There are 2 protein chains.
Amino acid sequence: MKKQGYTCGLDAAVDVVGGKWKALILWALHYAPLRFGELKRSVPGISEKMLIQQLREMETYGLVHREVHHQVPPKVEYSLTEFGHSLNTALIPLGDWGEKHMRTIEAIPRG
Amino acid sequence: MKKQGYTCGLDAAVDVVGGKWKALILWALHYAPLRFGELKRSVPGISEKMLIQQLREMETYGLVHREVHHQVPPKVEYSLTEFGHSLNTALIPLGDWGEKHMRTIEAIPRG
DNA sequence: CAGTATCCTGTTAGATACTG
DNA sequence: CAGTATCTAACAGGATACTG
């Protein structure tokens with residue numbers, strides 16, 4: 001979330017879902033609501049700091065809903081809103097594309 | 001292009017098209033091949049440095065083709081490959097989503 | 001369990017000036 | 001026209017330790 005005055009829809013969408021983690025978190029929540037710890041295990045490699053940071057942003061975007069259950073031990077569940085689901089749906093073709101070309105992508109020399 | 005061993009297709013796709021500019025450059029080239037200067041005008045706000053840098057990466061990914069016409073003054077045309085077109089197609093729903101929700105997105109308080 | 005708080009590093013990106 | 005080169009600021013992200 002950095003700009004105003006987007007030049008096209010893709011510009012706006014990339015601004016919302018951009019960065020290393022948001023699309024993956026969205027994807028993980030597609031199937032069912034998850035607790036913080038479950039989510040962490042569902043997104044391999046993410047640190048607790050990045051996870052909570054991205055979740056907070058996605059909450060302010062209205063993509064994710066945070067539900068606190070006052071128990072001991074604490075239980076917090078994250079789920080997609082309708083808005084979040086609509087974004088996830090829009091990401092499906094991109095995910096399919098990536099899956100289809102994963103081998104090609106991995107074979108590209110890094111640098 | 002940073003990792004190997006993607007966990008899902010979206011992971012791989014975000015790695016290829018991620019960052020601030022690549023999706024926009026891809027989008028601009030969707031309609032027709034463009035020269036460097038035309039491309040710069042088509043992607044408002046991009047610096048020459050970022051444009052050439054992103055184009056080079058996209059060339060190594062095989063998304064973009066660079067055609068040099070040996071003339072004075074020089075003329076270099078950039079176009080999408082078939083691979084680039086396939087990625088662009090996969091981005092259409094995301095672009096539509098962004099367009100549809102642009103007002104909502106702009107209204108979110110920045111942080 | 002579900003976070004916070006700090007510190008630290010590498011990358012991204014902007015500004016500016018210059019070239020074949 | 002189509003780039004290169006250099007410098008610097010900003011930010012994303014990682015490591016580690018601590019808390020209600």
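Everything numeric here is computed off the predicted structure, so don't read it as measured data. Every chain is numbered from 1 and lettered A, B, ... according to where its sequence line falls, protein lines coming before strand lines.
Applying side-chain contact (heavy atoms from CB on, under 4.5 Å) to B:L80 and the options B:L26, B:I25, B:L63, B:L87 leaves one that passes, B:L26.
At the phosphate of D:dG3, OP1 or OP2 sits under 4.0 Å from a side-chain N or O atom of B:R66. Dashed line: the shortest gap from a side-chain N or O of B:R35 to OP1 or OP2 of D:dC1 is not under 4.0 Å. A sub-4.0 Å separation between OP1 or OP2 of C:dG3 and a side-chain N or O of A:Y78 is present. Within the 4.0 Å cut-off from OP1 or OP2 of D:dG14, at least one side-chain nitrogen or oxygen of A:K20 is found. Residue A:R56 places none of its side-chain N or O atoms closer than 4.0 Å to OP1 or OP2 of C:dA2.
When Watson-Crick and G-U wobble pairs are counted only if both distances are under 3.5 Å, C:dG20 pairs with D:dC1.
Rounded to an integer number of Å, the gap from CD1 of B:I52 to P of C:dT12 is 17 Å. Straight-line distance from the CD1 atom of B:I25 to the C1' atom of C:dT12: 14 Å, rounded to whole Å. The CD-P distance, from A:Q71 to C:dA2, rounds to 10 Å in whole Å. The interatomic distance linking B:M50 (CE) with D:dC11 (P) rounds to 15 Å, in whole Å. Atoms CD1 (A:I46) and P (C:dA2) sit 15 Å apart, rounded to a whole Å. Nucleotide C:dA13 holds its C1' atom 9 Å from the CD atom of B:Q54, rounded to whole Å. Per the geometry, CG belonging to B:L34 stands 14 Å off C1' belonging to D:dA2, to the nearest Å. In this structure, the NZ atom of A:K40 is 17 Å from the P atom of D:dG13, given to the nearest Å.
In this structure the side chain of B:P93 never reaches within 4.5 angstrom of the side chain of A:T89, judged on heavy atoms.
Atom NZ of B:K100 is surrounded by 12 or fewer heavy atoms from other residues, nucleotides or ligands within 6.0 Å.
Taking the six-membered ring where the residue is Trp, A:H101 and B:F83 present perpendicular rings, their angle passing 60° and hence far from 30°.
Side chain A:K49 to base C:dG3: no donor-acceptor pair is found below 3.5 Å.
A:E67 and A:H69 form no side-chain donor-acceptor contact under 3.5 Å, judged by distance and modelled atom types alone.
Across the interface with DNA chain D, nearest-nucleotide mapping of A:P74 and A:G45 shows A:G45 to be the residue nearer the 5′ end.
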